[in-house]
Visitor: 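Submitted below is the structure of interest, expressed as structure tokens.
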Amino acid sequence: MNPVVRLLTSYPGRRIGQALLTMVLVSITVFAGVRAMPGDTAQALAGEQTSPEVLSAIREEYGLDHNIAVQYWDYVRHAVTGDFGTSARSGLPVLDSILDALPITLELAALALLLAVVLGIGAGVVAAVRRGRPEEWLANAVALLGMSVPTFWLGMLLVLTFAIAVPVFAASGFVPFGEDPVENLSRLVLPAIVLGSGLAAVVMRQTRAAMLDAMSSDYVRTARAKGLSQRSVIGTHALRNSLVTVITVLGLQLGQLISGAVVTEQVFVLPGFGKLTIDAVFTRDYAMVQGVVLFTSGAYILINLLVDLLYSVIDPRIRLGGSR
Amino acid sequence: MRRLPIALAAAALLTFATGCGSLSPPGENTAAAPRLVDARPVRDGGIAVIGLKSDPDKLDPSLTGTLVARTVFTSMCEQLYDVDRHNRFVPQLAASLPKISDGGRTFTFDVRRDARFSDGAKLDAEAVKTSLERHLHLRGSGRASEIDSVQKVDTVGPYTVRLTLKHPDTPLLGRLANTAGLIMSPKAIAKYGSDFAAHPSCVGPFKYVKRVIGDRIELTKDPLYYDADKVHLDGVVYKTITDGNIRLANLRSGDVQIGDQMGPVEVRSGMGDKTLQLLNTPSLGYMAVTLNVGNAQGIDRKPGRVNTPFARDVRVREAFDLSLDRALINKIVFQDMYEPACGPVPPGTPLSTPVTCPGRDVGKAKRLLKAAGVRTPVPLELMINTTPEDNRLGQVIQAMAKDAGFDVRLRPTEFATGLTRTLAGDFQARTGGWGGQPDPAGNIDSLVGTTGSNNQGKLSDPEVDRLIEAGRSTADPAKRRDIYRKLTAAINRQHAVIYLYRNINYAVASKDISGIALSGDGLIRVKEAGYVKGGQG
């Protein structure tokens with residue numbers, strides 16, 4: 001078979017094709033979605049004190065006087081060259097704002113993920129191993145709390161406690177890692193806790209369930225019968241096999257991590273993607289909304305793609321198509 | 001009749017609950033006395049962070065349309081004229097008040113000789129001409145309609161500018177003390193054109209450094225500024241923090257030093273904090289219920305016939321007005337932190353005269369409805385914004401009006417949708433506000449004049465139009481004061497715009513910082529602000 005055809009029909013090739021198609025569909029949906037919002041965009045941008053001349057100038061400048069198909073084609077044509085347009089509200093390039101915001105949300109999401117993985121897997125393992133004991137009860141209670149507490153409320157509580165009552169951390173803002181690593185991390189600790197707490201709880205419950213399942217399986221009984229140490233049985237056998245489930249859950253939850261950043265970034269006044277999105281939606285800044293949503297969707301699609309491709313690496317028994 | 005106390009009690013409980021949700025015990029029960037300056041001595045150095053309620057739009061004086069952008073401009077773009085704390089016009093980049101001649105058709109003024117723009121260009125008459133002509137002719141300029149009475153801008157000397165007007169326009173001075181009076185560097189205009197917003201350069205105590213959309217605008221002290229000796233801070237950062245509770249939390253933590261446009265709930269909460277201070281000044285604008293009496297086909301069309309009892313009969317509108325208790329609205333909805341209002345001219349401005357608000361009179365309201373021969377309850381759809389405050393306001397109006405025989409249905413509508421519907425004439429009544437100007441014409445002409453571009457309800461009354469014209473073409477302050485007194489009465493006789501309350505502009509600041517000035521226009525000035533001894537910077 002032709003190597004190109006083989007690549008295209010292989011599992012990775014098909015998954016990448018699906019990802020690209022999804023991106024195109026997302027772009028059409030976003031483009032149509034923001035234009036379906038009620039209210040005149042030019043009017044919203046100009047405000048109440050305006051004249052017909054100003055409205056007409058805004059419509060012309062941002063191409064709002066063309067039909068939606070022409071607007072979409074213009075947008076795609078420019079986007080593929082890296083030109084995501086100019087913010088109608090601020091007059092600054094959309095790409096600049098995205099590149100300013102992207103590292104912040106990614107760093108926040110990475111820290112939250114790290115926190116969720118370390119705490120979630122650790123607590124899940126403990127809860128499974130110490131089943132029926134106070135440790136399991138405690139881990140379950142904390143996980144329930146982590147899933148139930150509203151993000152906004154938890155954020156404000158942490159600010160009041162650790163930025164005002166005991167001023168250990170800053171209440172808001174961001175300092176780039178390259179500028180001051182300590183300040184950078186200290187400003188992201190509270191937001192990462194807020195963002196990661198829900199995910200940590202989910203990971204903990206999944207890990208616990210998967211570990212309980214694994215620990216009652218034949219291969220663990222065999223491992224124990226062979227006289228392997230408790231550490232080896234749990235770490236090498238039970239946990240490794242439980243990770244497939246946990247990674248699946250993490251992949252699915254990562255999207256929520258990014259959408260959860262919207263609230264967290266508002267509370268901690270972090271100029272990331274979430275804040276950029278909310279501000280753009282409220283000000284009807286079409287170009288900004290499209291740019292941000294496309295980047296976020298792209299990240300989400302990419303993560304899912306990587307998770308799918310990672311399956312076969314983690315567990316060689318899994319062969320999702322292609323050559324068997 | 002019984003339902004009003006129950007509804008009001010519920011609203012009061014809601015207000016109380018909101019107050020309890022705040023960060024510290026509430027302070028005084030009423031609005032603090034106006035306090036516009038904090039004049040404690042300061043030291044040099046440090047950067048002040050100012051929390052803004054929303055992200056400014058384009059930092060281009062010709063294209064901007066938001067009040068919050070003007071707040072930023074107070075630090076980096078000076079105007080020809082400014083408003084002092086007594087709401088009087090004072091020269092800023094102009095060297096004197098204008099000489100008005102030729103029956104009000106010519107404005108002549110000198111500009112400062114010692115000022116430079118942040119990019120090094122010199123301020124002179126030519127620079128002012130360039131800016132004003134850009135305001136007039138740039139495509140999409142929001143200023144064009146504000147100064148459209150200007151026919152020609154001439155330089156009659158290196159530092160003297162003459163404006164020739166199409167018709168007498170006394171209120172023009174007020175607009176030159178607003179965004180239309182902002183002057184931009186001619187060098188930057190030539191270099192960046194309509195992309196000026198990305199590289200703004202003006203005369204001001206601070207100059208533009210950087211902007212991160214939705215986050216912050218960084219300014220640094222401008223050594224070229226003519227009054228640089230009075231500037232103590234090294235820089236200013238304007239940070240957008242939309243949620244009032246988060247802005248207050250940042251003030252308390254010290255991450256933000258000044259909080260702009262704080263709401264009643266946060267102010268009450270902040271008043272209990274010993275590390276914070278409060279500055280406030282009454283707004284020059286107003287908040288009102290606008291009734292649609294003639295907007296049948298759109299705001300840009302001539303007044304038409306709107307077929308509702310409110311549009312047909314002024315007695316129905318008067319009855320609705322009489323059903324409302326402004327003081328109680330202020331108490332329940334705004335915790336007594338604002339002021340009842342019943343006219344467009346803000347008190348405390350040079351042309352205002354005292355107005356006594358009418359009291360609630362349910363009996364008279366019922367009699368008026370009976371005389372008008374309408375079936376009760378009279379239905380009314382009231383469009384409100386989707387904010388908790390507007391929701392509370394709508395509920396209180398609903399409860400009060402019910403007693404007089406009205407059935408008010410609330411229609412919460414998102415801003416852009418509400419605006420589109422209002423301009424199209426697709427509404428019966430809406431709550432809304434006007435930012436306001438010291439000259440009464442700025443609060444009246446375009447809002448209730450038959451041809452006014454912001455006359456949302458399309459009120460058309462010959463007496464109102466006649467007085468508007470008289471106020472615009474009269475220069476004598478005493479005569480103008482009398483005209484606006486009569487004009488207020490004439491507008492109120494129509495009950496098409498029911499003025500309800502006037503905001504108070506509140507700024508909450510850390511006690512570490514001093515020298516902040518809050519002028520009559522409600523904008524925070526930090527030109528002379530700085531950290532007091534022992535403060536952090």
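So that the names make sense, note that chain A is the first sequence line, chain B the second, and so on, each numbered from 1.
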Visitor: I need the S172(A) OG to I246(B) CD1 distance, nearest 0.5 Å.
Guide: 9.5 Å
Visitor: Using a cut-off of under 4.5 Å on heavy-atom pairs, state which of V269(A), T283(A), L270(A) scores highest against chain B.
Guide: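 It is V269(A).
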Visitor: Are the side chains of L92(A) and R211(B) in contact, using a 4.5 Å heavy-atom criterion?
Guide: yes
Visitor: I want to check something: taking the side chain as every heavy atom from C-beta on, are I213(B) and S87(A) in contact at a cut-off of under 4.5 Å?
Guide: yes
Visitor: Please classify the contact of D60(B) with chain A as side chain, backbone, both or neither, using a heavy-atom distance under 4.5 Å.
Guide: neither
Visitor: Which heavy atom of N250(B) sits nearest a heavy atom of A171(A), and at what distance?
Guide: OD1-CB, 3.8 Å
Visitor: About how many Å separate CG of D215(B) and CG of D100(A), when rounded to the nearest 0.5 Å?
Guide: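 These two atoms lie 9.0 Å from each other.
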Visitor: Can you tell which of G155(A), A280(A), A170(A), P167(A) has the highest number of heavy-atom pairs within less than 4.5 Å of chain B?
Guide: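 So the answer, after comparing G155(A), A280(A), A170(A), P167(A), is A170(A).
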Visitor: Less than 4.5 Å apart, any side-chain heavy atom of R187(A) and any of D255(B)?
Guide: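 R187(A) reaches D255(B) side chain to side chain.
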Visitor: Please give me the minimum heavy-atom distance between M156(A) and A249(B), naming the atom from each residue.
Guide: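 Reported closest heavy-atom pair: CE-CB, 4.4 Å.
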Visitor: Would you mind checking which part of I58(A) comes under 4.5 Å of any heavy atom in chain B, side chain (CB onward), backbone (N, CA, C, O), both or neither?
Guide: neither
Visitor: Count the heavy-atom pairs under 4.5 Å between each of P271(A), A101(A), A88(A) and chain B, then report the option with the highest count.
Guide: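 Top count of heavy-atom pairs under 4.5 Å with chain B: P271(A).
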Visitor: Please determine, among G214(B), S54(B), A197(B), S194(B), the option with the most heavy-atom pairs under 4.5 Å with chain A.
Guide: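 Between G214(B), S54(B), A197(B), S194(B), the count favours G214(B).
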Visitor: Any heavy-atom pair between the side chains of R89(A) and T66(B) that's under 4.5 Å?
Guide: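 A side-chain contact under 4.5 Å exists here.
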Visitor: Can you tell me how far CG of L59(B) sits from OG of S90(A), rounded to the nearest 0.5 angstrom?
Guide: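 One gets 8.5 Å once the value is rounded to the nearest 0.5 Å.
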Visitor: With only heavy atoms counted, which part of F152(A) is less than 4.5 Å from chain B, the side chain, the backbone, both or neither?
Guide: side chain
Visitor: Quick one: which of D57(B), T242(B), V49(B), T420(B) has the most heavy-atom pairs under 4.5 Å with chain A, could you say?
Guide: D57(B)
Visitor: Chain B heavy atoms under 4.5 Å from S56(A): which part of the residue, side chain, backbone, both or neither?
Guide: both
Visitor: Quick check on Q266(A) against chain B: is it the side chain, the backbone, both or neither that has a heavy atom closer than 4.5 Å?
Guide: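 Its backbone and side chain both get close to chain B.
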Visitor: If you compare all heavy atoms of R139(B) against all heavy atoms of A57(A), which two are closest, and at what distance to 0.1 Å?
Guide: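 The answer is CG-CB, 3.6 Å.
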Visitor: Identify which part of D300(B) has an atom lying under 4.5 Å from any heavy atom of chain A, answering side chain, backbone, both or neither.
Guide: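 Neither part; nothing is under 4.5 Å.
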